[in-house]
Amino acid sequence: MRIHARIEAAVLLLACLILCIGCGKKENDTPVINTEDEYIAATKALNARQKSIYIQHLSDKEENRQLRELNEERMQLAVKHAATSPTALADVTDNCVRIPREQVREVYNSLNPGMKRTHLGKSFKSYIDKKGILVGDPLPHFDGVGVDGKPFDWSVTDGKRILLIYEGWGYLKRDTHFWFKDLLSATDRDSLAVVAYVYAGSQAELQQRVKAFQLEPYLVISDLKGKEGPLDRKMGIHGIPTYYYTDSNGIVRRVMSGFQEELFTYYTGLSPEWGENWTE
């Protein structure tokens, strides 16, 4: 009986050792593989949802809303898995300009030293250290004057979403000017403030440019320092026009340069057809 008991005990101990080794292997190796596989599976599921949105024949407004929410979900999924999934890390890198600076910083801090030394890791670091206004930053209330020469009163934007159109008026096509005028007509002034920043070296030049580009309907502001003023560097301007779109707390949610109607509407939810379509 004692021999059988010892044999049973030895077998049980060996089984426990094998089980522990197996558990250790899963703990150290499997999560990385599973996380990558799970991320790819999750993105495939989101792609399937995107296809289903397209075939539902929704209104443009509703389709845009659902696609934008899906895109936000896609970005957060990539952020969550970036430290363990190479595919997720690449997706975050491709879209870091649409992700708040602090979230990008969290992703970078979660990377191991080897990943930080890669091209993707270095790109993250340069984005984090970039000077200028990025997604997630508060829109600065910089000093300037209006068409009437009085100091611009930023309090008129309190509690509203802000669309700051930073210069580039001479580069916009005639149809684009009309597009923004129609957008202005379709949106509620109590919930959205459209601010037009204008390069000008004097009050007379400001009035001249406002008249030339018919900017009277907008909230016009200029620092009267022309193109050589320091505001471009403070804002991080690399091309004009540049658009900053904020939530009602003044936090930047989108930064875009140039103008493509469909992309602008997709990222902001703003359209002359329906006005605003944004969920905070």
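Counting begins at 1 with the first residue of the sequence. Note that the coordinates shown come from a computational prediction; the quantities given were computed from them, not determined experimentally.
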Test item: side-chain donor near acceptor, R49 and Q66, under 3.5 Å: no
Cation-aromatic face contact K116/Y108, 6.0 Å, 45 degrees: yes
Residues in side chain to side chain donor-acceptor pair (under 3.5 Å) contact with S191, at least two apart in sequence or another chain: E276
Closest non-hydrogen atom pair, P230 against K225: CD-CD, 4.0 Å
Any donor-acceptor N or O pair under 3.5 Å, side chains Y199, D223: no
From CA spacing to verdict: salt bridge (Lys or Arg N to Asp or Glu O under 4.0 Å), K227, E167: CA-CA 10 Å; K227 298 180 181 180; E167 247 303 324; over 6 Å; no
Crowding at CD, E62 (>12 non-hydrogen neighbours, <6.0 Å): yes
R189 and T187 side chains, donor-acceptor separation under 3.5 Å: yes
Side chain S110, main chain V107, donor-acceptor under 3.5 Å: yes
Inter-residue atom distance I40.CD1 - K44.NZ, 0.5 Å rounding: 7.0 Å
Aromatic ring pairing F264/F180, orientation class (parallel under 30°, perpendicular over 60°, tilted between): perpendicular
Option among N47, T43, D91 that satisfies the side chain to side chain donor-acceptor pair (under 3.5 Å) test with R74: N47
Flag if over 12 foreign heavy atoms under 6.0 Å of CD, E216: yes
Closest non-hydrogen atom pair, P272 against A186: O-CB, 3.4 Å
Verdict with reasoning, Y218 to Y197, per ring pair (Phe, Tyr, Trp, His ring centres under 6.0 Å): CA-CA 10 Å; Y218 305 119; Y197 174 79; over 10 Å; no
Pairwise side-chain contact, V255 with I133, heavy-atom cut-off 4.5 Å (strictly under): no
Inter-residue atom distance D232.CG - H238.NE2, 0.5 Å rounding: 10.0 Å
Approximate separation, where rounding is to 0.5 Å, of D60 CG and R65 CZ: 14.0 Å
Donor on one side chain, acceptor on other, T84 and E36, under 3.5 Å: no
Inter-residue atom distance D182.CG - D175.CG, 0.5 Å rounding: 10.5 Å
CZ/R117: more than 12 non-hydrogen atoms of other groups inside 6.0 Å: no
H177 side-chain N/O to Q214 backbone N/O, donor-acceptor pair under 3.5 Å: no
Side-chain touch T246/I251, heavy atoms, less than 4.5 angstrom: no
Donor-acceptor contact present, side-chain Q56 to main-chain S52, <3.5 Å: yes
Qualifying salt bridge (Lys or Arg N to Asp or Glu O under 4.0 Å) pairs, either residue in residues 97-114, two or more places apart: R101-D137, E102-R105
pair H119-S123: side-chain heavy atoms closer than 4.5 Å: yes
Donor-acceptor contact present, side-chain Q50 to main-chain L70, <3.5 Å: no
From K160, R254, R253, residue fulfilling side chain to side chain donor-acceptor pair (under 3.5 Å) relative to D247: R253
Y245 side chain near I162 side chain, heavy-atom distance below 4.5 Å: no
Passing candidate, side-chain contact (heavy atoms from CB on, under 4.5 Å) with F124, options T93, D129, T118: T93
Check against ring pair (Phe, Tyr, Trp, His ring centres under 6.0 Å), F152 and W154: CA-CA 6 Å; F152 185 83; W154 282 96; 5.0 Å; yes
Shortest non-hydrogen separation from G275 to L183 and the atoms involved: O-CD1, 4.2 Å
Hydrophobic cluster membership, Y244 vs L192, 4.5 Å side-chain cutoff: no
Closest non-hydrogen atom pair, L219 against A193: CD1-CB, 4.0 Å
In one Ile/Leu/Val/Met/Phe/Trp/Tyr side-chain cluster, 4.5 Å: L172, W179: yes
Student check: side-chain heavy atoms of P241 and M256 closer than 4.5 Å: no
Positive for side-chain contact (heavy atoms from CB on, under 4.5 Å) with V145, one of L224, I221, V220: L224
pair I53-L58: side-chain heavy atoms closer than 4.5 Å: yes
Non-hydrogen side-chain atoms of S271 and N64 separated by less than 4.5 Å: no
Side chain to side chain donor-acceptor pair (under 3.5 Å) between S257 and T242, intermediate numbers included: CA-CA 4 Å; S257 293; T242 294; 3.3 Å; yes
Side chain to side chain, I99 and V79, heavy atoms closer than 4.5 Å: yes
